[in-house]
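Remarks on the structure that follows.
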Amino acid sequence: MGYDFRSIELKWQEKWEGEGTFNADADLGREKFYCLEMFPYPSGALHMGHLRNYSIGDMLTRFLWKRGLNVLHPIGFDAFGMPAENAAIKSKTPAHKWTWDNIEYMTEQLKRMGCSYDWRRRIETCNPDYYRWTQWIFLQFLKKGLAYRKNAPVNWCESCGTVLANEQVINDGRCWRCDTPVVKRSLEQWFLRITDYAQELLDDLDNLPGWPERVKIMQRNWIGRSEGARLSFTEKRSGAVIETFTTRFDTIFGVTFLALSPEHPFVEKMCSLSPRADEIRAFVKRCATQSSIERTAVGGEKEGLFTGLDAVNPVTGEVVPILIANYILMDYGTGAIMGVPAHDQRDFEFARKYGIPVKVVIQPVDGALNAEEMDRAFEDNGIACNSGEFDGMPTAEAIPAMIEWGVKRGYCEREVNFRLRDWLISRQRYWGAPIPVVYCDDCGIVPVPEDDLPVLLPENVKFKEEGGSPLADDQEWLTTPCPRCGKPGRREADTMDTFICSSWYFFRYCSAHDDTVAFNADEANYWMPVDQYIGGIEHACLHLIYARFFTKFFADLGLSRAREPFTNLLTQGMVIKDGAKMSKSLGNVVDPNEIIKVYGADTARLFILFAAPPANDLDWSEHGVEGAHRFLNRVWRLVEENLPLLAQRGPSIPMEGLADRRLRDMKRKIHVTIQSVTQDISGEKQFNTAVARLMELLNALQAFHPEGETERSLFREGVETLLACLNPFCPHITEELWSLTGHADALAMSPWPEAEPAALEADSVTVVVQMNGKLRERVELPAGLSKEELQERVLALPSIIRRLDGTRPERVIAVPDKLVNIVVRD
RNA sequence: GCCGGGGUGGCGGAACGGUAGACGCAGCGGACUCAAAAUCCGCCGUGGGCGACCAUGUGGGGGUUCGAGUCCCCCCCCCGGCACCA
């Protein structure tokens, strides 16, 4: 029982693959559409999140092909990364073998889903043909001075045994991959100067109306622009300059101390100036042992130390003490702050603890602050006081006015600061793209010549028990002549963050196997930008920022025109079961293979698209899957039972040719379905309601029971519409039924149905009659009555006359084709 | 703390300011069957009434409106992001 989805699905999958049905080539004469889903990491097998991601993308792709667009829909594998390496350590399977086996297996799974990819373009980031160009791109960054090495306190994950970029430290200082608390280590590492693009990355968010507001806000927060001023204090004894950054230059008259980060370079110098050198060293050492979580937790204990040195306020000439404070971060602003306890809560808490004076320089509009009695800082806008010539000025005016004044007199400079930091891309791991540089004792850092790329990853490597990258110990691989002088040099042992590999793959798809360039400019200019990108929201401040950065860099190099990679972004929700994300530890994982085996790919796809709108979390329900399967069986039976009449051909009858009410309703149902399904898919991306409309159409067709030639023709039109509209959702069963009903052409490439305007017009409408806004009656009336006619006819209804019982309505509101509201005094 | 997004039947979810609960799931009743499965038909927010009906109902409280799930104000709860960023 039930239709034989197993053989049907395989049959069509083989046909699509064999014929290259969904292969797309650049064609300037055709309108293009680039539909892309985030490519998977080859972890072993697809999970439900993948199934959802690829069901959405595939449905859209098939829909757009039917609408006549030239659709690029590629797939590949984000194939470098730690799990392969861990598998190599654990099961002694080489990382490349583990990865390639998984890629082949998952490719097979994607085909069994019925995905309409252009398989010719499959890429794998661990393939030397690909990472050669990843390395080439790195060299372009290096050439432009946007890749550099620096020694800095960096994020280190003990468990992963490598450093991490700031974006990869999440959930209160934990590793994005393994959730281990991250610690700070001082190391020399490679960085990409993403901060050079901070302003553009921020500004261009305004040009992305097709992105969810949520993601744009997250990126704005992450980039964290703040406008203010940089000003220099002078250390009294040595005359040394200490720079600070403030967004509240209007509080300059309220400065009562200066505080430095323990890592501030001047701290070391202070030891030779201050009689309290020992104390300073001890304090700095103690701060260094605090974890970054302790240091940066909100409300964490603020600790400080008077250094015995003083600084001069450049504006007032006042002398204030210099302290070292654990709450000052070295990697934001200048690593030193001007302390204004009266108007900054952190400074306030710190000042109270250490007995530092509080000086009020802004009064609230409706009261007077007294420094002694304050129990917290006043951070709001108010009126300046104790601020010389600026007294009486409201904060909003005072900030720009005082900065202008300060700049003119040389006290400060305008400055914009970003929270965004340069991207740390070194990884002390094996399974990644080697950073293509050589260290030479004479020449220093020497880039590997572009012609010598790729720097191949050795395949036979030994992993050590105690961890660490095997590349660092592979003397044979490490040793190489300096490309510049030829003397023995040493390769860079670190590999690149895998987020580099995924920052440009959507360009590579455009000319996937071109071995002369990273990507062909003409092809990229035809296909890019991606028109629809689909993936999880967890990449809001990771991949989605990095990819934007790379795209802008390519544009600046003249490699492509696009300045933004993704025009429209759809962030799909998680797949959950029993109220929680599917995970092995919770034991609530549903295996896509099982679902496809038991119900078929069409059922799986249909359920996924029907169960929830794409942005919502999707609650997995076995019963729901059965419901979807039941629907497909009903579609199958409907066609099977009416096969002889459906196999006939004939023109469809226009609305004008139908007189009978039943037939006109059927015709209307068909065309209203086309209209709303089209809108749901292309407009708000409400795939669940689109499916609901198709279910309604099936219900109507099932109840129709055609008799006679006219009815049979109408029925045929209904079934063909159902199959055509359902095709992007469930491509196999619909294609099979299409061919069973005698169609020679492929449904996949046959045009999407068009709604006939005349068939959308209603003959009659149900008008709601309200009294004082409460529903009282429903009446069937001809469509298109004017307000006056409508009101007249409703007021003449016997039931309404009875209800009014002689009372004269105070007012009557009539909305044509909708309702009449009769307002009466109670 | 700040910034987002949400709270609608037993469940997933629908509703241009205009019939709340489309569609599906679960449940209940019936038909078919020796029986079960499958399938088909019907019912299905809550309270009241034999009944046509009446009242009530979209987290809570106010407001705007002829009319509010939808708009405005206040509050509660859940989810997500950021968080000592100067």
Side-chain angles (χ1 to χ4, degrees), chain A residues 1-2 170-173 212-222 224-226 228-229 244-248 251 259 261 295-302 325-329 331-340 344-347 349-350 417-421 537-538 540-541 573-574 606-607 610-613 615-628 630-631 633-634 637 676 686 688-699 702-703 766-778 799 809-815 817-824:
Chain A
M1 8 174 234
I170 60 170
N171 289 343
D172 254 345
E213 207 50 45
R214 191 151 77 109
V215 175
K216 289 190 276 187
I217 288 165
M218 284 166 73
Q219 291 208 356
R220 280 192 197 103
N221 288 343
W222 187 259
R225 182 183 197 272
S226 55
T244 65
F245 172 73
T246 179
T247 55
R248 292 298 300 273
T251 62
S261 160
R295 276 280 295 278
T296 59
V298 176
E301 185 65 19
K302 292 178 179 45
N326 68 341
Y327 73 97
I328 311 302
L329 308 171
D331 53 4
Y332 185 78
T334 62
I337 59 133
M338 56 181 227
V340 186
D344 182 290
Q345 185 58 24
R346 297 157 300 177
D347 295 349
E349 287 165 27
F350 188 72
N417 254 296
F418 293 93
R419 213 184 73 98
L420 182 75
R421 310 289 151 73
I537 189 144
E538 65 274 14
C541 291
M574 290 186 303
L606 185 69
F607 168 72
F610 175 63
N616 284 25
D617 283 348
L618 187 155
D619 219 341
W620 191 266
S621 145
E622 194 72 25
H623 284 304
V625 176
E626 278 167 17
R630 206 148 38 217
F631 168 74
N633 271 318
R634 287 172 64 204
R637 273 201 312 276
S676 45
Q686 296 252 47
N688 56 329
T689 51
V691 174
R693 296 292 91 83
L694 294 174
M695 289 175 166
E696 283 181 57
L697 179 59
L698 173 71
N699 292 343
Q702 210 166 25
T766 305
V767 171
V768 168
V769 184
Q770 297 182 333
M771 292 179 91
N772 291 342
K774 289 191 181 180
L775 176 71
R776 285 295 178 258
E777 308 265 339
R778 293 158 216 250
S799 58
E810 252 177 47
R811 195 179 159 186
V812 179
I813 288 104
V815 182
D817 293 343
K818 273 276 156 67
L819 89 159
V820 175
N821 187 11
I822 303 165
V823 185
V824 291

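Among all heavy-atom pairs drawn from A:Ala540 and A:Val215, the shortest one is CB-CG1, 4.0 Å. Between A:Glu301 and A:Asn326, the shortest heavy-atom contact is O-ND2, 3.3 Å.
Here A:Glu538 pairs with nothing under the salt bridge (Lys or Arg N to Asp or Glu O under 4.0 Å) rule; sequence neighbours left out. For A:Glu696, the salt bridge (Lys or Arg N to Asp or Glu O under 4.0 Å) partners are A:Lys669, A:Arg693, not counting sequence neighbours. Judged as a ring pair (Phe, Tyr, Trp, His ring centres under 6.0 Å), and not counting sequence neighbours, the contacts of A:Phe350 are A:Phe257, A:Tyr327, A:Tyr354. Judged as a side chain to side chain donor-acceptor pair (under 3.5 Å), and not counting sequence neighbours, the contacts of A:Asp331 are A:Arg421. By the salt bridge (Lys or Arg N to Asp or Glu O under 4.0 Å) test, A:Arg220 pairs with A:Asp206, A:Glu213, sequence neighbours left out. Among residues two or more places apart in sequence or in another chain, the salt bridge (Lys or Arg N to Asp or Glu O under 4.0 Å) test is passed with A:Arg248 by A:Asp250. Judged as a ring pair (Phe, Tyr, Trp, His ring centres under 6.0 Å), and not counting sequence neighbours, the contacts of A:Trp620 are A:Phe607.
Nucleic acid contact for A:Val823: sugar-phosphate only, since backbone atoms but no base atoms lie under 4.0 Å from a heavy atom of the residue. Heavy atoms of A:Ile217 sit under 4.0 angstrom from primed sugar atoms or phosphate atoms, though from no base atom. Contacts of A:Ser226 with the nucleic acid, taken as non-hydrogen atoms under 4.0 Å apart, involve only primed sugar atoms and P, OP1 or OP2. Counting any heavy atom pair closer than 4.0 Å across all strands shown, A:Glu696 reaches sugar-phosphate atoms only and no base atom. Backbone-only contact: A:Asn699 has heavy atoms under 4.0 Å from sugar-phosphate atoms and none from a base. Residue-level contact check: A:Gln219 touches neither bases nor backbone, having no heavy atom under 4.0 Å from any strand. Nucleic acid contact class of A:Gly224 (heavy atoms, under 4.0 Å, all strands): none. Nucleic acid contact for A:Ser621: none, since no nucleic acid atom lies under 4.0 Å from a heavy atom of the residue.
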Which atom pairs link the protein and nucleotides 7-13 of chain B when you take only N or O atoms and keep those under 3.5 Å?
{"unit_1": "B:G12", "atom_1": "O2'", "unit_2": "A:Ala611", "atom_2": "O", "d": "2.6"}
{"unit_1": "B:G13", "atom_1": "O3'", "unit_2": "A:Asn688", "atom_2": "ND2", "d": "3.1"}

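Here B:G18 is the nucleotide among B:A86, B:C85, B:G18 with the atom lying nearest to any side-chain atom of A:Val815. Of the candidate nucleotides B:C23, B:C84, B:U39, B:U39 has the atom lying nearest to any side-chain atom of A:Arg637. Among B:C84, B:G67, B:A22, the nucleotide with an atom closest to any side-chain atom of A:Ala692 is B:A22. Between B:G81, B:G80, B:C40, one nucleotide has an atom nearer to the side chain of A:Arg634 than all others, and that is B:C40. Side-chain proximity of A:Arg214 to B:G18, B:A86, B:G80: nearest is B:G80. Considering only the side chain of A:Leu775, B:A20 comes nearest among B:C40, B:G81, B:A20.
The separation of B:G24 from B:A31, taken at their C1' atoms, amounts to 23 Å, rounded to a whole angstrom. The separation of B:G42 from B:G48, taken at their C1' atoms, amounts to 24 Å, rounded to a whole angstrom. B:C40 and B:G59: their C1' atoms are spaced 41 Å apart (whole Å). Spacing of C1' atoms, B:C23 relative to B:U8, comes out at 16 Å, to the nearest Å. Going from the C1' atom of B:G12 to that of B:A37 covers 26 Å, rounded to whole Å. As rounded to the nearest Å, B:U65 and B:C72 have P atoms that lie 16 Å from one another.
Remark: P of B:A83 and CZ of A:Arg220 are 18 Å apart, rounded to the nearest angstrom. Atom C1' of nucleotide B:C25 and atom CH2 of A:Trp620 are separated by 14 Å, given to the nearest angstrom. At whole-Å resolution of the value, CG in A:Asn772 and C1' in B:C54 are 16 Å apart. A straight line from CZ of A:Arg630 to P of B:C23 spans 15 Å, rounded to a whole angstrom. Nucleotide B:C85 holds its C1' atom 7 Å from the CZ atom of A:Arg346, rounded to whole Å. Rounded to whole angstrom, the span from the CZ atom of A:Arg421 across to the P atom of B:A83 amounts to 9 Å. A:Glu538 places its CD atom 19 Å from the P atom of B:C79, with the value rounded to the nearest Å. Rounded to a whole Å, the CE atom of A:Met695 is 6 Å from the C1' atom of B:G24.
Each of A:Ile328, A:Leu329, A:Thr334 was checked for a side-chain contact (heavy atoms from CB on, under 4.5 Å) with A:Ser261, and the lone residue meeting it is A:Ile328.
Residue side chain A:Arg776 does not reach the base of B:C54 through any donor-acceptor N/O pair under 3.5 Å, judged by distance alone. Between the side chain of A:Asn221 and the base of B:C82 there is no donor-acceptor pair of N/O atoms closer than 3.5 Å. Side-chain N/O atoms of A:Arg693 and base N/O atoms of B:A22 include a donor-acceptor pair closer than 3.5 Å.
For B:A86, neither phosphate oxygen OP1 nor OP2 lies less than 4.0 angstrom from any side-chain nitrogen or oxygen of A:Arg419. For B:U56, the OP1/OP2 oxygens have a side-chain nitrogen or oxygen of A:Lys774 closer than 4.0 Å.
Its glycosidic angle being within 90° of 0, B:G9 falls on the syn side.
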Walk me through whether A:Asn821 and A:Arg811 qualify under side chain to side chain donor-acceptor pair (under 3.5 Å). CA-CA 8 Å; A:Asn821 187 11; A:Arg811 195 179 159 186; over 6 Å; no

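In this structure, CE in A:Met695 is found 4.0 Å from CZ in A:Phe610, a value given to the nearest 0.5 Å. With rounding to the nearest 0.5 Å, the separation of CG in A:Asn688 from CG in A:Asn616 is 8.0 Å.
Both A:Gly335 and A:Met218 lie close to RNA chain B; mapped to their nearest nucleotides by heavy-atom distance, the more 5′-ward contact belongs to A:Met218. Checking A:Gln702 against A:Thr246, the closest nucleotide of RNA chain B that is more toward the 5' end is the one next to A:Gln702.
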For RNA chain B, just give me the dot-bracket, please: Watson-Crick or G-U, both distances below 3.5 Å, ( ) intra-strand, [ ] crossing earlier pairs, | paired with another strand, . unpaired. (((((((..(((.....[....))).(((((.......))))).((((....))))..(((((..]....))))))))))))....

